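Below is one structure, written out as structure tokens, with a few remarks after it.
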Amino acid sequence: MKICETAEQAYQNMGIDPALWNMGEEILSHLKDRFEKIDETCEINQLKVLAAMQKNRISAEHFNGSTGYGYNDAGRDDLERVYADVFHTEDALVRAQITCGTHALSLALSANLRPQDEMLSISGKPYDTLEEVIGIRPSMGSLAEYGVSYRQVELTKDGSFDFDAIQKALGPKTRLAAIQRSKGYLTRPSLSVAQIAEAVRFVKDLRPDVIVMVDNCYGEFVDRVEPSDFGADMTVGSLIKNPGGGLAPMGGYIAGTKACVSNCAVRLTSPGLGREVGASLGINRSLYQGLFLAPVVTAGALKGAIFAANLFERFGYRCIPDAKQKRQDIIQAIEFGSAEGLIAFCEGIQAAAPVDSYVAPEPWAMPGYDSQVIMAAGAFIQGSSIELSADGPLHEPYAAYFQGGLTFAHAKFGILKAAQRLYEKGLLVF
Ligand SMILES: *Cc1c(COP(=O)(O)O)cnc(C)c1O
């Protein structure tokens with residue numbers, strides 16, 4: 001290992017050309033004001049989390065886990081109170097037994113919908129994995145099999161809510177309206193909390209009986225407020241994304257009204273048992289500590305996404321959101337226009353990882369996708385996408401969806417490494 005006394009040397013030692021590093025520094029010098037605003041958001045959210053932990057008198061005994069049935073697990077139960085306070089909701093369910101984001105959303109839906117009810121998505125096509133949950137693509141155990149029908153209202157061309165169409169679509173059977181904050185694998189803009197707040201109000205004014213659920217994946221702590229601050233009945237997400245702060249080894253959350261969350265608890269375990277059971281084993285400390293770090297980790301990931309957009313736009317690639325756009329989540333899409341570009345980008349992200357940096361990601365035919373997909377992830381937690389990761393389907397426009405980074409320094413290095421990789425393959429010049 002070489003001794004490096006300057007950052008330039010340290011990056012060069014790790015394979016970054018000084019000319020590229022200089023370009024990165026120049027770009028970062030223009031992002032100072034924007035990064036300062038992100039730091040302010042981070043501080044506000046840090047204090048929000050801290051206040052919730054203090055209010056609930058979190059102490060060392062909360063980090064003890066439970067086994068078996070998991071009765072009287074104060075660590076687990078008070079963590080749920082902390083989440084409810086952070087999201088300003090009556091209640092929250094935060095469990096290891098919620099296996100991922102898709103499961104959390106599936107739980108929120110199946111727990112609150114009954115046969116003959118209709119679910120209405122008012123933000124267009126939902127995230128890919130929800131297609132089988134709902135039964136848009138026929139699937140064993142889908143809501144459709146239980147007699148729950150589904151309709152969706154497309155967003156307008158510019159990616160806003162289509163209020164006229166929503167008003168028309170709200171029917172006598174509509175029981176739940178769903179909103180997805182982040183664009184997922186689409187190239188529409190992600191929705192802001194302000195836009196979501198307006199849509200929640202619109203639906204509730206017309207139909208106070210309709211439950212509004214927000215898929216908040218990748219959105220937590222990006223803004224100073226959350227959809228739950230504006231009357232969403234359920235705000236749902238994954239702990240291996242933003243709110244887990246990179247430390248949560250698994251889990252999902254649902255923050256919302258007492259009525260909705262209680263339905264989720266009995267559906268997750270069993271009628272009659274509800275939230276009283278569900279051993280936390282040894283993960284309480286990681287969930288608390290991860291939530292505590294989440295505002296900082298999210299801020300770093302956000303800066304990484306902005307840096308990536310500014311760097312790759314400079315190289316002539318289309319970035320969504322673009323270099324200047326306001327952010328609503330931590331996802332950055334970059335269109336490479338060729339398989340070689342997408343693959344080289346993912347190779348660079350992988351080569352920058354703390355884990356599995358020596359392996360090369362290969363495109364593969366992933367179940368449920370109609371073309372090959374390439375994924376780069378060198379993560380401490382399997383599949384964690386608050387850690388630096390990238391993936392994309394091998395078809396036009398050959399977009400990489402890039403997110404995360406537990407520290408900004410790592411995100412920055414990964415982005416430079418990816419650019420270096422494209423340079424070495426003759427796909428860009430600096
Ligand atoms: C990641 C994600 C999900 C699903 O979460 P998993 O943990 O991958 O199951 C759902 N919706 C959106 C918008 C997401 O980004």
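Since this is a predicted model, take the numbers as computed values, not measurements. Each ligand, and each atom within it, is numbered from 1 in the order the structure gives.
Using a 30° and 60° split on the angle between ring planes, Phe221 and Phe87 fall in the tilted class, from 30° to 60°. Using the six-membered ring where Trp is involved, Phe312 and Phe336 have ring planes that are perpendicular, over 60° apart on the 30 and 60° scheme.
Applying the 4.0 Å criterion to heavy atoms of Thr102 picks out, from ligand 1, the atoms 4 (C), 5 (O), 6 (P), 9 (O). Near Leu105, with a cut-off below 4.0 Å to any heavy atom, the atoms of ligand 1 are 10 (C). Per-residue contacts place Gln180 under 4.0 angstrom from the following atoms of ligand 1 (heavy atoms of the residue considered): 13 (C). Listed by number with element, the atoms of ligand 1 under 4.0 angstrom from any heavy atom of Tyr218 are 15 (O).
Any N or O atom pair closer than 3.5 Å counts here, and Gly184 shares no such pair with ligand 1. In terms of polar-atom proximity, defined here as any N/O pair under 3.5 Å, Lys241 does make such a contact with ligand 1.
Exactly one residue among Val297, Ile381, Ile240 makes a side chain to side chain contact (heavy atoms under 4.5 Å, CB included) with Ile386. That residue is Val297. The residue from Thr269, Asp77, Asp91 that alone fulfils the side chain to side chain donor-acceptor pair (under 3.5 Å) condition with Arg275 is Asp91.
Scanning the protein heavy atoms around atom 6 (P) of ligand 1, the nearest turns out to be Gly101 N, 3.5 Å. When only non-hydrogen protein atoms are considered, atom 13 (C) of ligand 1 lies nearest to Asp215 OD2, 3.4 Å.
Atom CD in Gln167 sits 11.0 Å away from atom CZ in Phe163 (nearest 0.5 Å).
Taking the centre and axis of the six-membered ring of Tyr83, the NZ or CZ atom of Lys55 falls outside the cone set by 45° and 6.0 Å.
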